[in-house]
Amino acid sequence: MRLTLATWNINSVRLRIGLVARFLKNEAPDVLCLQETKCRDNEFPLSVFHKLGYGYVALNGQKGYHGVAVASKIPLEAISRRSFCGNGDARHICVTLAPASDAGRGIALHNFYVPAGGDEPDPASNPKFAHKLAFLDEMAAWMASDGLAAFPAILTGDLNIAPFETDVWNHKALLTVVSHTPVEVEKLGGVRAAGPWVDALRHFVPIEERLYTWWSYRAQDWRRSDRGRRLDHIWVSECLKPHLRAARVLRESRGWNQPSDHVPVIAELEV
DNA sequence: ATGGTGGGCCACCCA
């Protein structure tokens with residue numbers, strides 16, 4: 001079967017539930033991973049997802065900040081949530097996808113919202129940046145010890161890092177800007193190597209081609225200035241690499257009414 | 001070089 005998976009930092013799922021519905025009607029992914037839902041689990045607009053055919057929803061929310069969710073047309077099993085850096089932030093949820101045609105163990109799906117890291121790229125003076133680096137270290141160590149990617153697995157979400165030169169509008173200018181500094185790019189590389197994971201978007205889009213998933217709200221005209229960054233990712237385990245069929249960015253949604261500053265990333269696999 | 005715009009929520013924190 002064809003499995004379509006999307007990830008989207010929605011920046012308040014309650015405010016933008018209309019955009020989510022539009023996206024689900026238009027693109028109809030089998031699975032949608034959300035970040036920055038910004039609500040408690042009992043405030044999540046479940047009924048909208050149910051009405052649109054997403055009968056399986058797994059939540060890890062909290063009041064006002066962060067929060068991740070997975071909505072799916074296919075059954076979700078073995079739902080778990082991990083707290084990173086021991087501070088109780090809702091930044092991770094793991095589910096197992098059980099596609100009908102998959103006779104095996106299913107696909108483990110990790111949905112992450114990595115800390116943004118604040119403004120100053122110095123862990124000594126900026127605790128938010130220190131938190132981001134510690135979070136990435138913990139991700140890599142966890143992956144290495146648990147062999148998460150040794151079986152069919154997907155790691156997705158807002159990783160808040162644009163790793164390659166063509167993942168930002170100006171590589172040189174952004175070397176000192178949190179999201180593209182060498183130290184965090186290297187740590188993200190460590191997480192990827194710990195799988196090892198395959199970057200689904202870059203599997204299909206040549207590295208020479210600029211590719212963004214986020215444009216700041218602060219630009220006067222995001223489309224004209226096009227000062228974007230590729231912060232949102234879908235990674236698959238090596239054994240799923242031969243099953244990748246397509247991956248793309250839904251750039252147009254940045255121009256919708258009252259948009260999120262992030263747009264969806266979509267990957268298709270034959271499983 | 002600076003400040004620009006959004007969200008949650010009720011004083012600011014966060015992106």
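Here is how names work: the chains are called A, B, and so on, in the same order as the sequence lines, proteins then strands, and each is numbered from 1. Only this structure's heavy atoms are used, side chains among them; waters, hydrogens and symmetry mates stay out.
The ring of A:W256 has its center no closer than 6.0 angstrom to the ring center of A:F23. You'll find the ring centres of A:W197 and A:H110 outside the 6.0 Å limit.
The hydrophobic cluster containing A:L174 does not contain A:L136, counting ILVMFWY residues as joined when their side-chain heavy atoms lie under 4.5 angstrom apart, directly or transitively. Transitive grouping of hydrophobic side chains (ILVMFWY, heavy atoms separated by less than 4.5 Å) brings A:W235 and A:I161 into a common cluster.
For the pair A:N126 CG and B:dC14 C1', the computed distance is 13 Å after rounding to whole Å. A straight line from CG of A:N11 to P of B:dG7 spans 7 Å, rounded to a whole angstrom. Atom-to-atom, CG of A:L19 to P of B:dG7 comes out at 11 Å; the value is rounded to the nearest Å. The CZ-P distance, from A:R227 to B:dG4, rounds to 16 Å in whole Å. As rounded to whole Å, 13 Å separates atom P of B:dG8 from atom CZ of A:R40. The distance between atom CZ of A:R218 and atom P of B:dA15, rounded to the nearest whole Å, is 12 Å. Between A:D158 atom CG and B:dC14 atom P there is a gap of 17 Å when expressed in whole angstrom units. In this structure, the NZ atom of A:K63 is 10 Å from the C1' atom of B:dC10, given to the nearest Å.
One N or O on the side chain of A:S260 and one on the backbone of A:N9 form a donor-acceptor pair closer than 3.5 Å. At least one donor-acceptor pair under 3.5 Å links the side chain of A:R16 to the backbone N or O of A:N11. At least one donor-acceptor pair closer than 3.5 Å links the side chain of A:R210 to the backbone N or O of A:V168.
Among the protein residues, A:R229 comes within range of no part of the nucleic acid, since none of its heavy atoms lies under 4.0 Å from any strand.
Comparing B:dA15 with B:dG3, their C1' atoms are spaced 16 Å from each other, to the whole Å. Using P as the reference atom, B:dC10 and B:dG6 are 22 Å apart when rounded to the nearest Å.
Each of B:dA15, B:dG7, B:dC10 was ranked by its minimum atom distance to the side chain of A:E36; first place goes to B:dA15. Distances were taken from every side-chain heavy atom of A:S12 (C-beta onward) to each of B:dA15, B:dG8, B:dG6; the shortest belongs to B:dG8.
Along DNA chain B, the nucleotide closest to A:R14 and the one closest to A:Y217 are compared, and the more 5′ of them pairs with A:Y217. Along DNA chain B, the nucleotide nearest A:Q258 and the nucleotide nearest A:H262 are compared for position; the residue whose nucleotide lies closer to the 5' end is A:Q258.
Side-chain N/O atoms of A:K128 include one lying less than 4.0 angstrom from OP1 or OP2 on B:dC14.
Listed by first residue number, the stems of DNA chain B with at least three Watson-Crick or G-U pairs below 3.5 Å are B:5-8 with B:12-15.
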